[in-house]
Number of protein chains: 2
Amino acid sequence: MAGFGLGVVFSKMNSLSASDHASVVSVNLFVALLCACIVVGHLLEESRWINESITALAIGICTGVVILLSSGGKNSHLLVFSEDLFFIYLLPPIIFNAGFQVKKKQFFRNFLTITLFGAVGTLISFSIISLGAMNIFKKMNIGSLEIGDFLAIGAIFSATDSVCTLQVLNQDETPLLYSLVFGEGVVNDATSVVLFNAVRNFDLSHIDAVTALQLIGNFIYLFISSTLLGVFAGLLSAFIIKKLYFGRHSTDREVAIMILMAYLSYMLSELLDLSAILTVFFCGIVMSHYTWHNVTESSRVTTKHTFATLSFIAEIFIFLYVGMDALDIEKWRYVSDSPGTSIGVSSILLGLILVGRAAFVFPLSFLSNLTKKSTENKIELKQQVTIWWAGLMRGAVSMALAYNQFTRGGHTQLRGNAIMITSTITVVLFSTVVFGLLTKPLVNHLLPSRTHLSRMISSEPVTPNSFFVPLLTNGQDSEADLGSTILRPPSLRMILTAPSRSVHHYWRKFDNAFMRPVFGGRGFVPFVPGSPTEQDGSQWH
Amino acid sequence: MAGFGLGVVFSKMNSLSASDHASVVSVNLFVALLCACIVVGHLLEESRWINESITALAIGICTGVVILLSSGGKNSHLLVFSEDLFFIYLLPPIIFNAGFQVKKKQFFRNFLTITLFGAVGTLISFSIISLGAMNIFKKMNIGSLEIGDFLAIGAIFSATDSVCTLQVLNQDETPLLYSLVFGEGVVNDATSVVLFNAVRNFDLSHIDAVTALQLIGNFIYLFISSTLLGVFAGLLSAFIIKKLYFGRHSTDREVAIMILMAYLSYMLSELLDLSAILTVFFCGIVMSHYTWHNVTESSRVTTKHTFATLSFIAEIFIFLYVGMDALDIEKWRYVSDSPGTSIGVSSILLGLILVGRAAFVFPLSFLSNLTKKSTENKIELKQQVTIWWAGLMRGAVSMALAYNQFTRGGHTQLRGNAIMITSTITVVLFSTVVFGLLTKPLVNHLLPSRTHLSRMISSEPVTPNSFFVPLLTNGQDSEADLGSTILRPPSLRMILTAPSRSVHHYWRKFDNAFMRPVFGGRGFVPFVPGSPTEQDGSQWH
């Protein structure tokens, strides 16, 4: 995943000698801290209240204090944050792994609900936070913020961080909730980034109906074309490996092809100004559905764990950095004159997040319940509260977007921007630690008897056919449907009420008749028990 | 393995926006070319004459032509080469993987011969090439080269590239030769880099006995301390995983710890100005002996193939780049006035390489044969010729060292330096392609009946004890011995003639009584068949 970095390093390091001592020291310290996070996180594993994110945050803050003291109060971090680093190194493995490890069966069974929450919900949340911030902050004395900044704030604080919650929710005990929260988290990340880019790319000084329509059209175009690119890259890798490697497998080549093709899809999407995050997510799904079944047993084990490990390291890296950067003195200097303002802004943002999420979870759950006949499949109120709570945490994506919007090269000079950065840090720290620690007791309180839910899932007949997971989004037609469902309630309603079994049925027929013979997949290669999605979908263990 | 890059990117990318279009295009093209190399290399696999290196070189040259034409003759490469990139991204996975996958049994059985060839032989080759270049080039009109440049030339052209040969030699048909060539290649790489750095760090204007002794002392110190650091890092990882993870394994954490600790050992060695290449090599050996046995079955498969894949990608990357850079117009411009000079210099260097290698392979083989009683264990003349030939190819290490010495940030302005760069490219291309293609017929001609050798190996009794591979270099005492044997023939002779069985015996006792109970390893965790070293030691398949 170091491709882009290489390019940058190649072109930028001309003046940099091999003995850049400070860089080597930083990297040593950072790698050592990553090791420490893993070891300490493991030791604290028994206590499920404290997760790896909080551990990394805490270690980051402690290190920040040490650096702050030893540097004489100059700075607290080893490295200057760059959103490029985040979007080009750290995010691709996390999102690709999410697609690769997602329980496709659960994901596609709840696909419409997940899309509703992830796309429509994020739009609602974005609107509420943007409007709220615009109205409230204009009355406060926090420097000059333009309309683009307020829309960016909406996008920044619409990006949930479901990683912490996933560590608390148990995939086997509450599979429906896990699937909803996980799926929503991924779609939500993609939606926020797409929104953020859409907002930045448009001239927002004259907002009228045409601009709004263009924005929406742009959004739909990005969604569809990014998804198609990811699906194409995944299918291409499946086809190459099936055609060329069949009969004389070579594990290293297979693994290399999968990694390189996945990264290529991400970079290609970036090159075409699409949403790379969506592309690589769907590339991951297609790769786990087709490509993964075409490779040797060794390659299956290797790819599954390699992708999970890369994602794991990237996540710890982000939290470690956020912890270190939280004490950065430069940003707090602007705020220290008026600590009340900063606390006020952070509190308002937290309030807006709470309201913005409530504003779509409960109505959309109601809408989703309308389409379901049996009471068992409906989302109960207690589950709705859990879903609401599980998406309140803000994490690395928010940080990266905030740095992108409000700093230039990790530094900021404007008072308004500095306040937004410190407020983002405060919101991320507070929500991760406080909300994160409260999630476990809340889940225990709201959902004490978990046997009900697990029975609901396990009571389904597990026939051999049920292995053939419906993959709704794989053809061009269903893609177009998906795109239009997001924004046109009438047709959405129609599809929601249509029996999803028939869609699954046709997809399965199509998959078996055309897709699998060409691209491989389970059933078209010797069966080996334990796929990455069935055996162990958790990305942390 | 992107740690250092992150540091650099963090600190250098402040002025770089996310939409650096040219970089994104370059990376896309480079990743796509890597995929093409893997696919084409796989298709050509049947013909063992053409290996992956030659494929990557050829694709690189073709791409270079296309870029040269489309850029209107300005340049032929996508990225400016940086020796930092090479030493910090690409070399660590290659060398670590070499240590991790090396057949320890064969390696340590022939340890003294390998060390003789790799360390003493490289020193001899270095001296001959340096002296030859000094005497011949001074009479030619090739610009101003100082004494440091000539010593650097010696180090640059002493670094063999055994990867190509390993693809031709078969590990099962000629295990002794494979082991000798592979082992020598690794020790030789390390020796060349250590020599190169030693030469650069010393004031060479006044060479006298004291400076020479200091040089030798520095060399020994680097060897011993680098090895110890690597062994320490490996043992620490084994200890952490054994103590903390026992009973509740987590694959991703184990894999992450192994990757991070290996990289940390490399960067720490770099920080302490030691030979990072030796450190990471011995870290790999210790990790495969202890750590690898302490992790879960999934982690074993994953680490084995992940390390091999990373190494594979890094090697292809290097050859692809060398191919592209071969056409770089800037360097050839200085040479185009006098094409005869460049051809002359390249031919002289090729001649010196041939002589320099012959000057140590045959005498040292004779010395090694003196210590062996049975004729079957001796290195026959035909085998000596094969060893001599197998080390004639020059590859990525030579390129990287040459760029380090003769360019500033990938560019060169001096005529003498430009001639050295183009000559290095010529030597690398010529030796890889011509010598590489001739190796297979030569091996077939010299060693037609391979049953003899394989019988020699397989006739040994394979008792369960023979799994307990002697690891000579693991304690401080044996380390000190190793260091002194390199340069003091009397004690070397004594150890060579002493029955190596007793050394193995004591090491095995020590390993079983003290090391394994503390650090784990085979026999102290549930036995699982197929270790990375026994099952498949080849790093290409």
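Residue numbers start from 1 in every chain, and the chains themselves are labelled A, B, ... in the order their sequence lines are given, proteins ahead of strands. On a predicted model such as this, the values are computed, not experimentally measured, just so you know.
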Participant: Let me know which of A:D252, A:T306, A:T302 forms a side chain to side chain donor-acceptor pair (under 3.5 Å) with B:T306.
Facilitator: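 It is A:T306, the one option of A:D252, A:T306, A:T302 that forms the side chain to side chain donor-acceptor pair (under 3.5 Å) with B:T306.
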
Participant: What part of A:I313 gets closer than 4.5 Å to chain B, counting heavy atoms only: side chain, backbone, both or neither?
Facilitator: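 Side chain of A:I313 only, per the 4.5 Å heavy-atom cut-off to chain B.
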
Participant: For a side-chain contact (heavy atoms from CB on, under 4.5 Å) with B:L271, tell me which candidate from A:V25, A:V27, A:L29 qualifies.
Facilitator: A:V25

Participant: Work out which heavy atom in B:R253 is nearest to a heavy atom in A:G41; give both atom names and the distance.
Facilitator: NH2-O, 4.4 Å

Participant: Please determine whether side chain to side chain contact (heavy atoms under 4.5 Å, CB included) holds for the pair A:L260 and B:I38, giving the CA-CA distance in whole Å, both sets of side-chain angles, and the decisive distance to 0.1 Å.
Facilitator: CA-CA 10 Å; A:L260 291 173; B:I38 295 173; 3.7 Å; yes

Participant: Once you round to the nearest 0.5 Å, how far does CG of B:N28 lie from OH of A:Y266?
Facilitator: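 Taking CG in B:N28 and OH in A:Y266, the distance rounds to 12.0 Å.
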
Participant: Roughly how far, to the nearest 0.5 Å, is the NE2 atom of B:H42 from the CD atom of A:E254?
Facilitator: 8.5 Å

Participant: How long is the gap from CD1 on B:I259 to CG on A:L34, to the nearest 0.5 Å?
Facilitator: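 Rounded to the nearest 0.5 Å, the CD1-CG separation comes to 12.0 Å.
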
Participant: Looking at side-chain heavy atoms only, is the closest gap between B:I257 and A:V39 below 4.5 Å?
Facilitator: yes

